[in-house]
J.: 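Below is a structure I'd like to ask you about.
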Amino acid sequence: MQTHGPLFDMRALGFKADEVVTVTGGGSGIGKATVLAAAQSGLAVSIWDINMAGAEETAKEVEQLGGKAIALSVDVTDPDAIEAAWKSTIAFGTCRYLVNNAGPPSTAGGPFVKNLEIALGSMELVTMRWLETQAEQATSIVNLASIAGNYMGGGGAISSFYPAAKAGVVGYTRYLATRFGGKPRANAVAPGMTLTPRTIPYFSIPAIAKGLERIPAGRAGYPEEIAAAILFLLSPASSYINGALLPVDGGWALS
């Protein structure tokens with residue numbers, strides 16, 4: 001099974017060289033693809049991940065592309081870790097952009113409310129500390145939602161908290177889009193089935209494999225395709241888009 005798509009040319013989106021973007025959960029999957037696309041666009045990247053080895057490996061790949069990156073071990077549910085990570089990021093450079101990608105898997109067990117706190121509460125912790133420390137510089141934010149909870153209900157192996165949390169992400173994004181007078185702009189993407197290290201094992205399940213047949217595109221998405229949408233919404237090229245939810249699902253929700 002092919003697990004990677006092309007790394008698109010993102011250099012015409014209007015970013016200024018060496019401006020900084022922070023990507024949470026940047027050590028693998030959609031987060032990693034976003035980091036690499038950001039680096040190709042000319043941005044320097046602060047890579048946050050609870051898995052330091054993954055963050056460091058991604059940072060090395062950025063450097064191989066000729067870009068700049070720092071890797072930080074961050075638990076986005078820990079206010080002290082977030083505080084320390086923002087200090088390190090700001091020392092690295094002015095952070096104008098934020099991608100909130102980190103969160104628990106859709107199949108995570110445990111208490112409903114606790115998982116909501118991890119998935120949605122952590123996003124608020126990261127974002128508000130960014131706005132407190134970089135209020136004048138903050139330009140654009142993209143939050144990771146899902147078609148689950150926004151265009152579809154869930155079902156299958158998806159835990160009950162997940163569609164609730166992802167619907168909450170969209171509500172929070174719209175709050176951010178209007179609360180501060182449009183600065184920063186805030187948008188969200190809603191990926192459908194996407195091939196990542198976390199999701200690949202599920203594609204061998206017959207019900208999941210059959211679900212692929214419903215996608216008009218005829219396949220699952222690649223992380224690079226989600227990253228391209230994230231970078232567009234983050235960039236000056238989308239300067240008049242604010243408070244939007246962009247489905248990136250090959251037309252699955254419409255089918």
Side-chain angles (χ1 to χ4, degrees), residues 21-26 29-31 34 48-50 74-79 81-82 85-86 97-132 138 140-194 196 198-199 202 221 223 226-227 229-230 233-234 238 241-249 252-254:
V21 58
T22 292
V23 181
T24 69
I30 291 170
T34 301
W48 296 17
D49 205 287
I50 199 168
V74 189
D75 178 350
V76 293
T77 68
D78 181 347
I82 292 168
W86 276 126
Y97 304 101
L98 172 61
V99 178
N100 276 316
N101 169 69
S106 62
T107 55
F112 179 88
V113 173
K114 181 63 175 177
N115 279 324
L116 275 181
E117 182 181 355
I118 294 170
L120 191 55
S122 64
M123 186 176 290
E124 196 269 346
L125 286 173
V126 170
T127 302
M128 295 314 295
R129 192 66 189 121
W130 176 54
L131 294 177
E132 289 165 3
S140 181
I141 179 171
V142 175
N143 296 323
L144 268 289
S146 172
I147 63 167
N150 293 294
Y151 296 96
M152 303 174 71
I158 292 177
S159 297
S160 60
F161 84 90
Y162 190 76
K166 292 304 185 179
V169 167
V170 176
Y172 182 59
T173 300
R174 290 171 175 159
Y175 165 83
L176 291 171
T178 57
R179 178 66 178 84
F180 303 104
K183 190 176 185 304
R185 291 185 301 110
N187 294 289
V189 297
M193 287 190 184
T194 308
T196 71
R198 182 181 279 180
T199 64
Y202 295 100
I226 314 301
I230 291 169
L233 288 176
L234 202 65
S238 66
I241 301 175
N242 189 30
L245 173 63
L246 176 62
V248 190
D249 66 343
W252 186 27
L254 296 176

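Below, all heavy atoms of this structure are taken into account, side chains as well, without hydrogens, waters or symmetry copies.
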J.: Measure across Ala165 and Ala119 and return the closest heavy-atom pair with its distance rounded to 0.1 Å.
T.: CB-CB, 3.8 Å
J.: Side chain to side chain contact (heavy atoms under 4.5 Å, CB included) for Asn187 and Leu246? Distances and angles first, verdict last.
T.: CA-CA 8 Å; Asn187 294 289; Leu246 176 62; over 6 Å; no
J.: Identify the heavy atoms of Ala108 and Phe161 that sit nearest to each other, and give their distance.
T.: O-CE2, 3.8 Å
J.: Picking from Val189, Leu144, Asn143, Asn100, what satisfies side chain to side chain contact (heavy atoms under 4.5 Å, CB included) with Val169?
T.: Asn143
J.: Strictly distance-based, threshold 3.5 Å: is any side-chain N or O of Ser140 a donor or acceptor partner for the main-chain N or O of Pro184?
T.: no
J.: To the nearest 0.5 Å, how far apart are OH in Tyr162 and CZ in Phe112?
T.: 14.0 Å
J.: Minimum heavy-atom separation for Ala102 and Gly25, please, with both atom names.
T.: CB-N, 3.7 Å
J.: Apply salt bridge (charged side-chain N to carboxylate O under 4.0 Å, His left out) to Arg198 and list each qualifying residue two or more places apart in sequence or on a separate chain.
T.: none
J.: Measure the spacing between CD1 of Ile158 and OG of Ser106 and express it to the nearest 0.5 Å.
T.: 5.0 Å
J.: One pair to check against side chain to side chain contact (heavy atoms under 4.5 Å, CB included): Thr127 and Tyr172. What are the steps and the verdict?
T.: CA-CA 11 Å; Thr127 302; Tyr172 182 59; 3.6 Å; yes
J.: Going from CG on Asn242 to CG on Leu233, what distance comes out if it is rounded to the nearest 0.5 angstrom?
T.: 10.5 Å
J.: Are the side chains of Thr194 and Pro223 in contact, using a 4.5 Å heavy-atom criterion?
T.: yes
J.: With a 4.5 Å limit on heavy-atom distance, are the side chains of Val21 and Leu234 in contact?
T.: yes
J.: To the nearest 0.5 Å, tell me how far Ile230 CD1 sits from Thr34 OG1.
T.: 3.5 Å
J.: What are the two closest heavy atoms between Val74 and Ala85, and how far apart are they?
T.: CG2-CB, 3.6 Å
J.: Main chain of Lys166, side chain of Asn150: is a donor-acceptor contact present, judged purely on distance under 3.5 Å?
T.: yes
J.: With a 6.0 Å cut-off (strictly less than), is the heavy-atom count around NZ of Lys114, excluding the residue itself, greater than 12?
T.: no
J.: Tell me whether the rings of Trp86 and Trp130 are parallel (<30°), tilted (30 to 60°) or perpendicular (>60°).
T.: parallel
J.: Indicate yes or no: at least one non-hydrogen side-chain atom of Asn115 is less than 4.5 angstrom from one of Ser159.
T.: no
J.: Report the C-alpha distance between Ile30 and Thr196 in whole Å, list the side-chain angles of each, state the deciding distance to 0.1 Å, and finish with yes or no for side chain to side chain contact (heavy atoms under 4.5 Å, CB included).
T.: CA-CA 7 Å; Ile30 291 170; Thr196 71; 4.2 Å; yes
J.: What's the spacing between Met128 CE and Ile82 CD1 if we round to 0.5 Å?
T.: 12.5 Å
J.: Check Ala190 against Leu245 and note the closest heavy-atom contact, atom names and distance.
T.: CB-CD1, 3.7 Å
J.: Please give me the minimum heavy-atom distance between Val76 and Leu125, naming the atom from each residue.
T.: O-CD1, 4.1 Å
J.: Could you state the interatomic distance from CD1 (Ile118) to CE (Met123), rounded to the nearest 0.5 Å?
T.: 13.0 Å
